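Okay, so here's the structure we're looking at.
The model shown is predicted, which means the values in this text are computed figures rather than measured ones.
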Amino acid sequence: MARPLRIEYEGALYHITSRGNARAAIFLDDLDRKGFLATFGETVSRYGWICHAYCQMSNHYHLLVETPEPNLSRGMQLLNGVYTQRFNHRHKRVGHVLQGRYRAILVERESHLLELARYVVLNPVRAKMVLSARDWPWSSYRATAGQADVPGFLQVDWILAQFDTRRDRAVGAYKQFVGRGRSVDIWEDLRAGSLLGSKAFVERIRPRLLDTPLDQNVLRRERDAARPSLTELFQGMVSKPDRDARIHAAVRVHHYKLQEVADHLGLHFSTISVIARRQNAGIQE
């Protein structure tokens, strides 16, 4: 199975999901849910994470987590590994509880943190498990809305501060904000399957993408999330040598297919192949 990119840096913000193996339930009762939250709290404390929102469903969970240090993978290994051990021990089972790797979408704070916080707590409503977010006790909604104690691993101050400086007015505005979000589609700005934000955000992340070691099985769309378009690569060509150098960059550096470049330039793919090979040989010499 293809593995997504893992981009880690100080202050990164992620929407994380992890699902049950073969779509099986990962929480069989309230003790499981409480046990998971305890393990998550241990993880947040150990790695210094900031949790802005969470939601436990039946066969998966959602987390909205900020990492002041680049330690997402280590933290998730602890969280999922320890929960699996505790789940299996309690239910006298063996084997996988969670399916493969977790999914982590890198999020632009300025444009999408608030929207994602709303999306996360509305999952039970969208799944028609409850009529309102306040009816689901296994998310961060009640704590953020002042209807339950705030657990030690949850940070609600940033979200509420986006609405008002006075706590009571901020809580009221937050409730209205969540209530209006049932039909909001936040995924229209999802780019390459692993980045949620503006084009400017992708540009800022591009150097980190290019510096990240790539697994051979990484999805091509995620591997190439930061590459320039063919229009950008070939804009303003001034000569044939300039064109040939850009063909080499498109094929050898940015991993465009020969046919893609050929179609863009109106040339035969074999011509593109010869040019790219010749340019590469010249560079090596």
Side-chain angles (χ1 to χ4, degrees), residues 1-16 66-67 69-74 100-113 116 185-285:
M1 181 178 179
R3 298 170 63 139
L5 277 173
R6 292 287 185 247
I7 309 167
E8 299 187 9
Y9 59 90
E10 295 179 2
L13 177 69
Y14 303 93
H15 172 241
I16 302 166
E66 187 176 348
T67 58
E69 299 294 331
N71 53 17
L72 177 69
S73 296
R74 284 181 289 159
R101 300 177 90 210
Y102 61 91
R103 185 183 187 191
I105 296 176
L106 191 62
V107 180
E108 182 177 20
R109 165 189 284 273
E110 296 79 6
S111 61
H112 284 81
L113 196 163
L116 263 174
D185 179 14
I186 66 169
W187 301 115
E188 59 183 9
D189 289 332
L190 183 64
R191 305 174 191 278
S194 60
L195 302 175
L196 183 62
S198 63
K199 291 182 179 179
F201 173 66
V202 176
E203 289 298 316
R204 293 200 304 271
I205 297 299
R206 176 180 292 183
R208 300 183 188 277
L209 284 169
L210 297 178
D211 290 342
T212 301
L214 298 178
D215 188 289
Q216 291 300 314
N217 294 321
V218 172
L219 289 172
R220 183 170 181 267
R221 68 177 185 175
E222 295 192 7
R223 179 198 66 189
D224 298 333
R227 69 181 179 181
S229 68
L230 288 174
T231 299
E232 292 172 325
L233 281 172
F234 290 100
Q235 188 174 21
M237 288 187 299
V238 296
S239 64
K240 186 175 180 180
D242 181 28
R243 181 205 66 182
D244 292 352
R246 297 186 190 207
I247 288 174
H248 171 269
V251 174
R252 302 289 185 175
V253 177
H254 299 294
H255 306 286
Y256 279 100
K257 294 180 180 179
L258 296 174
Q259 192 63 58
E260 290 176 320
V261 179
D263 291 343
H264 183 80
L265 295 177
L267 300 172
H268 195 273
F269 80 94
S270 62
T271 302
I272 301 298
S273 177
V274 170
I275 293 172
R277 188 166 59 249
R278 185 172 62 224
Q279 289 285 312
N280 194 57
I283 291 172
Q284 290 179 348
E285 290 177 1

Contacts of Gln235 meeting side-chain contact (heavy atoms from CB on, under 4.5 Å) (sequence neighbours excluded), chain-then-number -> none
Please report the interatomic distance CE(Met237) to CG(Asp244), rounded to the nearest 0.5 Å. 9.5 Å
side-chain contact (heavy atoms from CB on, under 4.5 Å), that's the test. Do Arg191 and Lys199 meet it? Break it down for me. CA-CA 9 Å; Arg191 305 174 191 278; Lys199 291 182 179 179; 3.6 Å; yes
Rounded to the nearest 0.5 angstrom, the CZ-CG distance for Arg243 and Leu265 is 7.0 Å
Minimum heavy-atom separation for Ile205 and Tyr9, please, with both atom names. CD1-OH, 3.4 Å
Residues forming a side-chain contact (heavy atoms from CB on, under 4.5 Å) with Ala262, sequence neighbours excluded: Gln259, Phe269, Ile272
Would Phe201 and Asp189 count as a side-chain contact (heavy atoms from CB on, under 4.5 Å) here? Give the steps. CA-CA 11 Å; Phe201 173 66; Asp189 289 332; over 6 Å; no
Sequence neighbours excluded, the answer for side-chain contact (heavy atoms from CB on, under 4.5 Å) partners of Ala245 is Gln279
Hey, does Val107 have a side-chain heavy atom less than 4.5 Å from the side chain of Tyr14? no
Using the rule given for side-chain contact (heavy atoms from CB on, under 4.5 Å), can you reason through Leu13 versus Leu116, listing the C-alpha separation, both sets of side-chain angles and the distance that settles it, and then say yes or no? CA-CA 11 Å; Leu13 177 69; Leu116 263 174; 6.0 Å; no
Sequence neighbours excluded, the answer for salt bridge (Lys or Arg N to Asp or Glu O under 4.0 Å) partners of Arg109 is Glu66
Could you walk me through whether Thr231 and His264 pass the side-chain contact (heavy atoms from CB on, under 4.5 Å) test, one step at a time? CA-CA 8 Å; Thr231 299; His264 183 80; 3.7 Å; yes
Side chains of Leu233 and Val261, heavy atoms from C-beta outward: is any pair under 4.5 Å? no
Who are the side-chain contact (heavy atoms from CB on, under 4.5 Å) partners of Ser270, not counting sequence neighbours? His268
Work out which heavy atom in Tyr102 is nearest to a heavy atom in Ile16; give both atom names and the distance. CD1-CG2, 4.1 Å
Exercise: identify the closest heavy-atom pair between Gly197 and Ser111: CA-OG, 4.2 Å
When rounded to the nearest 0.5 angstrom, what distance separates CD1 in Ile7 from CG in Leu106? 5.5 Å
Name all residues meeting the salt bridge (Lys or Arg N to Asp or Glu O under 4.0 Å) criterion together with Asp242; count only those two or more places apart in sequence or in a different chain, and write none if there are none. Arg246
For Glu8 and Thr67, which I'm curious about, is there any donor-acceptor pair between the side chains at under 3.5 Å? no
Heavy-atom nearest pair, Ile105 first then Trp187, reads CD1-CZ3, 3.7 Å
Nearest 0.5 Å, what's the NZ-CG distance between Lys257 and Asp263? 11.5 Å
